[in-house]
Amino acid sequence: MSTELPLYHRPAHELSAALRRGEIGTVELARAVFERIRAVDEKLHTYLTVTETIGMETAAEVDRLLNRGEPLPPLAGIPIGIKDVICTRGIRTTCASKILEPFVSPYDATVMRKLHLQRIVLTGKLNMDEFAMGSSNENSAFGPCRNPWDTDRVPGGSSGGSAAAVAAGTAIAALGSDTGGSIRQPAAFCGVVGMKPTYGRVSRFGLVAFASSLDQIGPLTKDVTDCALILNAICGHDRYDSTSADVPVPDFTEFLIPEVRGLRIGIPQEYFIEGIHPEVETAVRRAIEQLSEMGAQIEEISLPHTEYAVATYYIIAPAEASSNLARYDGVRYGYRTPNAEDLIEMYRKTRGEGFGPEVKRRIMIGTYALSSGYYDAYYLKAQKVRTLIKQDFDRAFEAVDVILTPVTPTPAFRLGELVDDPLQMYLSDIFTIPANLAGLPGISLPCGQTREGLPIGMQLLGKPFDEGTILRVAYAFEQANPYHRLRPAL
Ligand code: GLN
């Protein structure tokens, strides 16, 4: 128990229990988090919009209900921040883009509706890379977010604000989105837990689309138990999202047993490549040994098409993005240029002024890959390779229950370090992208620190809709280690 920690540093499940026992009040907790935002967010910039008035109102309401002894859902009164790519009724949703700067959604995303049913205290909308394109948060049109462990370093991306907020205590938990690693990579850089559920597990209704066949919403939390609690709240079939899966949702907390005896853990040789930072490799190998000592069965496996994953992703994701982002035309949403003579000029200037350089690069790559004459050579080919990557996993999961890998080749890099080298930036997603292409669930959880004190993460991938086994292994590892209790000194 971390009762000596300030409220904003404690996990949701502890706070939830303390609220119910009357040891703390919801308003007191909300105040602690909003004060924390005031104290550190000028430096970190985890938020694009803070919703203190709305949050404090819910907090007061939850206190009233608690005083009356009403039974409340597990996340009632928990201060939670939302990546600014998820629509919130009446509150700005900018996607960290100039083109959506004035956009206020008329409806709540399904995940928001579900969280409001739990009576969470909404803290605000979190910083991110523009339209979720990026790995460092430096593509935010409103300025980057910083890593709370070292403010000269990036928090990762694109859900950088979400990960940094949970690490710094400007939120107790957060939602992010993951198209190629955007939940798991920042979770690893900031030393928190982040899960991308199976494609279809969580409704994408109200998630602003980047690459619709890859996007998935998921939690960023201070520990594995909180991850299970948020999954319980947000998973499930939704008739407003035709790709959401109509499969039963278990109670994910039932998988939180510190026991891995007999479970088969696959280690893909292709994920321990040259160029991986030695301290990352050492930490992940130590985690493997530890799980083996705890009774898990470690199996060497092969995922032979791994080397094509980044190239495949950087055809498919931009192709879908170029189509999805066609809707920002200055007519239907957000920003419109004030100085255009005719309609074509209005489109051109609105998009020219509204989108940042990385978004433009993706739209151009995607449009090119989809154009006639190139479609077969790029897009169709990429789809075929995507199938091969999926089949690698199908084969591997005949022999193992989960797959364990590093999350990223390096710990958090410095602001500015990769900005001018898009290819190097893209390569930082090499270990996270395959799960998106195959639609598989994956978690990132802390498994060590570098000598400089930067967090290191490990990734567990599971079979489709088997988030439960991932949580079980993650929980067992977490309970045997101190990493989830470390907090950055800010
Ligand atoms: N970093 C990857 C990209 O830039 C992944 C982004 C994401 O998962 N949203 O596309």
Side-chain angles (χ1 to χ4, degrees), residues 129 131-135 157-158 177-185 196 198-200 204 209-216 243 266 268-276 301-325 358-359 361-397 403 405-409 418 421-442 444 459 461-464:
D129 285 296
F131 283 104
M133 297 174 191
S135 308
S158 63
S177 67
D178 191 312
T179 305
S182 276
I183 290 174
R184 291 160 289 154
Q185 184 255 24
K196 179 198 95 70
T198 311
Y199 185 78
R204 291 184 296 110
F210 162 12
S212 312
S213 76
L214 302 160
D215 298 342
Q216 194 62 192
T243 63
Q269 59 189 63
E270 291 83 1
Y271 282 61
F272 292 84
I273 44 168
E274 214 179 305
I276 176 169
I301 59 164
S302 173
L303 299 166
H305 296 93
T306 302
E307 62 174 304
Y308 306 111
V310 173
T312 304
Y313 172 86
Y314 277 99
I315 297 293
I316 293 174
E320 294 183 17
S322 72
S323 165
N324 276 327
L325 271 59
E358 182 62 28
V359 174
R361 178 161 34 235
R362 305 275 178 115
I363 292 174
M364 286 190 278
I365 293 173
T367 306
Y368 182 82
L370 288 176
S371 37
S372 106
Y374 299 103
Y375 183 95
D376 288 2
Y378 294 109
Y379 185 71
L380 200 64
K381 182 71 151 284
Q383 291 291 18
K384 288 180 179 166
V385 180
R386 181 177 186 173
T387 303
L388 294 175
I389 290 169
K390 169 83 171 67
Q391 287 169 349
D392 281 356
F393 281 108
D394 291 345
R395 225 164 286 133
F397 280 122
I403 293 174
T405 79
V407 185
T408 55
L418 300 183
D421 191 347
L423 201 58
Q424 236 6 76
M425 187 78 90
Y426 295 172
L427 284 171
S428 76
D429 299 324
I430 186 162
F431 301 144
T432 47
I433 280 174
N436 298 80
L437 290 171
L440 303 173
S444 166
Q459 175 173 241
L461 302 174
K463 298 174 190 170

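Side chain of Asp215 to backbone of Phe210: a donor-acceptor contact under 3.5 angstrom is found. Remark: side-chain polar atoms of Glu358 are not paired, donor with acceptor, to backbone N or O of Met133 under 3.5 angstrom. Remark: side-chain polar atoms of Asp178 are not paired, donor with acceptor, to backbone N or O of Lys196 under 3.5 angstrom.
Side-chain contact check for Pro464 versus Thr198: some heavy-atom pair is nearer than 4.5 Å. Contact of the Ser322 side chain with the Thr367 side chain is registered, since non-hydrogen atoms from C-beta on lie closer than 4.5 Å. The side-chain heavy atoms of Thr405 and Pro268, taken from C-beta on, include a pair separated by under 4.5 Å. Residues Ile183 and Ser444 fail the side-chain proximity criterion, which asks for heavy atoms closer than 4.5 Å.
Atom-to-atom distance recorded for Leu437:CG and Leu388:CG is 11.5 Å, nearest 0.5 angstrom. Note that CG of Asp376 and CD of Gln383 are 12.0 Å apart. Values are rounded to the nearest 0.5 Å. If you take CG on Asn436 and CD1 on Ile389, they are separated by 11.0 Å, rounding to the nearest 0.5 Å. Atom-to-atom distance recorded for Arg362:CZ and Met364:CE is 12.0 Å, nearest 0.5 angstrom. In this structure, the separation between CZ on Arg184 and OG1 on Thr432 is 5.0 Å, given to the nearest 0.5 Å. For the atom pair NZ (Lys390) and CZ (Arg395), the distance works out to 11.0 Å, reported to the nearest 0.5 Å.
A search for ring-ring contact (aromatic ring centres under 6.0 Å, His included) contacts involving Tyr374 returns Tyr368, not counting sequence neighbours. For the salt bridge (charged side-chain N to carboxylate O under 4.0 Å, His left out) test, no residue two or more places apart in sequence or in another chain qualifies with Asp129. Residues meeting the side chain to side chain donor-acceptor pair (under 3.5 Å) test with Ser302, sequence neighbours left out: Glu270. Residues passing the side chain to side chain contact (heavy atoms under 4.5 Å, CB included) test with Ile276, sequence neighbours excluded: Val280, Glu281, Pro406, Phe431.
The two atoms that bring Tyr426 and Arg361 nearest to each other are OH-NE, 3.7 Å, heavy atoms only. Across all their heavy atoms, Leu440 and Lys463 have their closest contact at CD2-C, 4.4 Å.
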Please report, to 0.1 Å, the donor-acceptor pairs under 3.5 Å made by any side chain of residues 308-321, with sequence neighbours excluded.
residue, atom, partner, partner atom, Å
Thr312, OG1, Tyr308, O, 2.7
Glu320, OE1, Ser212, N, 2.8
Glu320, OE1, Ser213, N, 2.8
Glu320, OE1, Ser213, OG, 3.3
Glu320, OE2, Ser213, OG, 2.6

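Heavy-atom neighbours of Tyr379 OH from other residues, nucleotides or ligands within 6.0 Å: above the threshold of 12.
Listed by first then second residue, pairs satisfying salt bridge (Lys or Arg N to Asp or Glu O under 4.0 Å) with a partner in residues 421-430 number zero, not counting sequence neighbours.
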